[in-house]
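Worksheet: one structure, shown below.
Residue numbers start from 1 in every chain, and the chains themselves are labelled A, B, ... in the order their sequence lines are given, proteins ahead of strands.
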Amino acid sequence: MGVVTRFAPSPTGFLHIGGARTALFNWLWARHCGGKFLLRIEDTDRERSTQEAVDAIFNGLKWLGIDWDEEPVFQSSRLQRHIELARKLVDEGKAYYCYCTPEELEAMREEAKAKGLSPRYNRMWRDRDSKDAPQGVKPVIRLKMPVDGDTVLSDLVQGKVVVTNDHLDDVILVRSDGSPTFMLSVVVDDHDMGITHVIRGDDHLTNTFRHIRIFEAFGWKVPQYGHIPLIHGVDGAKLSKRHGALGIESYRDMGYLPEAICNGLLRLGWSHGDDEIISQQQAVEWFTLENLGKSASRLDFMKLANLNGYYLRKASNERLLEELLKLIGKVSKEKEERLLLGMNGLKQRAKTMLELRDLSSIYVDDFHRAEVSKENEGILHAVAAELKSVDNWTESNLEQILRSWADRSNFSFGKVAQSIRSQLTGRKITPGIFDMLFSFGKTESLRRIEAVSIQRKKRMY
RNA sequence: GUCUCCAUCGUCUAGCUGGCCUAGGACAUCGCCCUUUCACGGCGACAACACGAGUUCGAAUCUCGUUGGAGAUACCA
């Protein structure tokens, strides 16, 4: 049977970075095996689930280049089936109604704790007849968990994990309000969707023992599990809102490229020897669960930025222009042309789209020219005169002309270059001057350089 | 408290069928080179096997303990 994986987020927040990585791993594994990757939206908590969050998940995945097979399953549409199956378990004697109140349960937990035991339900209704039920108490349905022995999980990532059954509660399948719990729903849905491999965060590891028992109660085949270590915040604790556990769209807004995010996420916990730059295609080919680490990791923004810089440099100028225009809005055809010509020089100086946007403003904005020293003014006049006669406006030709001019005039080339740079852009840090002269074009370059005389005139008034 | 998991440079990690490890790579940091600025690129430096016992001729690698960290302990998912 082919491999079927799934990503099952609950749409209560946005697609955060940890979820994105879980999705990525499931997707990679499915694609690597030529299997299917399914999506299930766990929207059973209607109060907290929003359409906005559902859209954010879909859009985030698409942005990352993670596609899914078949229509996404919405868990809310399957509640009836979940409940029916729980009742069936009761009929078969594998589950039972429990009439305990929250207060009673709390007391049991306290008592167990006081004895130094695992806090759990004392199974008082497990073998009692429902005829004894107190009036007016709506029961929950609990599964009869095995009393002795162990439950063993052979995890694809964590290896063999064993827990003795006396630490396992009789898990609640259906709440007193008649709604199925997460424990029940996941198992039923994973079964119905034909999931063969469940790759999820290791915060689910202990739940898995319960899941396994529910699978067994139904007599279903238990899928393979792989619990991946969590991504931690800078303080080493589980990523959460208080770390600003950001939605994937925040990373887009910070100017990261999706391939950089994927590459960065992939390297968090997974490795392929010393390889650092790994394309999505390469990842699909290489990805296996054995190469996953077991310890938690932190997202390193410096490394992410470095990766992003790499992918930025590698991206086509056309694509970057398109992305750039999304950030700065429409510009004239002429400026667009300039940006495209100058993109090679811009992109190697930026780590994020935001930096690219800031740098690229040299080709878009007019700047307020600063005062120019007497000497520099002289240089610029001469340069302007020299450039006027240039017909072959190419980088190499411009370089030849200006270098030889500096030579002849006994100016250090550095001084000339800085003068031109400043007059052209008003900045000290820019792409190379020949690159810029070429990107601006002859007309605009001369206009800017010759503006030095106009500045002088203005000062005289 | 109880259960489970984890533990190599500041960070991400390679190594983990024991010897090729005086522990490799990447990011960050710091030098130098290239150079019209800044980047890019190149070269180099700094920097880690948590601790303690064992097993062994030999341990980052195996075992046990300690310490530290994380996750889970809900009628949330």
Given atom [atom1] of [X] and atom [atom2] of [N], what is their separation to the nearest angstrom?
X       : N      : atom1 : atom2 : result
I277(A) : U13(B) : CD1   : P     : 16 Å
M183(A) : A77(B) : CE    : C1'   : 9 Å
D407(A) : U36(B) : CG    : C1'   : 14 Å
N344(A) : A39(B) : CG    : P     : 19 Å
N308(A) : A26(B) : CG    : C1'   : 16 Å
D170(A) : U73(B) : CG    : C1'   : 15 Å
D169(A) : A74(B) : CG    : P     : 7 Å
I362(A) : A39(B) : CD1   : P     : 15 Å

Just checking [X]: base, sugar-phosphate only, or nothing, at a heavy-atom cut-off of under 4.0 Å?
X       : answer
E42(A)  : sugar-phosphate
R427(A) : nothing
R267(A) : base
N207(A) : base
G269(A) : sugar-phosphate
L268(A) : sugar-phosphate
K351(A) : sugar-phosphate
H204(A) : base
S10(A)  : sugar-phosphate
P9(A)   : nothing

Look at the rings of [X] and [Y] and say which category their plane angle falls in: under 30° parallel, 30 to 60° tilted, over 60° perpendicular.
X       : Y       : value
H32(A)  : W29(A)  : parallel
Y225(A) : F215(A) : perpendicular
F434(A) : F413(A) : parallel

Less than 6.0 angstrom separating the ring centers of [X] and [Y], yes or no?
X       : Y       : value
W68(A)  : F37(A)  : no
Y256(A) : Y311(A) : no
F440(A) : W393(A) : no

Go through the structure and list residues passing salt bridge (Lys or Arg N to Asp or Glu O under 4.0 Å) with R109(A), not counting sequence neighbours.
->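 In terms of salt bridge (Lys or Arg N to Asp or Glu O under 4.0 Å), with neighbours along the sequence ignored, R109(A) is linked to E106(A).
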Ignoring hydrogens and angles, answer whether the base of C75(B) and the side-chain atoms of S176(A) contain a donor-acceptor pair closer than 3.5 Å.
->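 Per atom types, the contact qualifies.
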Measure distances between side-chain N and O atoms of R421(A) and base N and O atoms of U36(B), and say whether any donor-acceptor pair falls under 3.5 Å.
->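 Indeed, a donor on one side and an acceptor on the other fall under 3.5 Å apart.
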With rounding to whole Å, what would you report as the distance between [N] and [M] at their [atom1] atoms?
N      : M      : atom1 : result
C27(B) : A72(B) : C1'   : 33 Å
C33(B) : A70(B) : C1'   : 45 Å
U4(B)  : G58(B) : C1'   : 34 Å

Return no unless some side-chain N or O of [X] is found under 4.0 Å from OP1 or OP2 of [N].
X       : N      : result
R48(A)  : A77(B) : no
N306(A) : A28(B) : yes
R403(A) : U36(B) : yes

What do the steps show when you test L307(A) against E276(A) for side-chain contact (heavy atoms from CB on, under 4.5 Å), and what is the final call?
-> CA-CA 9 Å; L307(A) 265 176; E276(A) 295 287 348; 5.8 Å; no
Protein N or O to nucleotides 1-5 of chain B N or O, pairs below 3.5 Å:
{"residue": "U2(B)", "atom": "O2'", "partner": "S118(A)", "partner atom": "OG", "Å": "2.6"}
{"residue": "C5(B)", "atom": "O2'", "partner": "Q158(A)", "partner atom": "OE1", "Å": "3.3"}

Counting side-chain heavy atoms from CB outward, which of A28(B), A26(B), G24(B) is closest to D274(A)?
->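 Of A28(B), A26(B), G24(B), G24(B) is nearest to the side chain of D274(A).
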Establish, yes or no, whether the cationic atom of R338(A) lies under 6.0 Å from the six-membered ring centre of Y363(A) and within 45° of the ring axis.
->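 The answer is no; the distance or angle limit is not met.
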For E318(A), does the CD atom sit with more than 12 other heavy atoms under 6.0 Å from it, leaving out its own atoms?
->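 Yes - once you tally the heavy atoms of other residues, nucleotides and ligands closer than 6.0 Å, there are more than 12.
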Quick one: on RNA chain B, does A296(A) or E399(A) contact a more 5' nucleotide (nearest heavy atom)?
->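 By nearest-heavy-atom nucleotide position, the 5'-most residue is A296(A).
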Sole residue of T22(A), N26(A), T208(A) in side-chain hydrogen bond (donor to acceptor under 3.5 Å, both in side chains) with R200(A) |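 Passing option: T208(A).
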Dump the pairs, protein N or O against N or O of nucleotides 41-50 of chain B, anything under 3.5 Å, distances to one decimal.
none

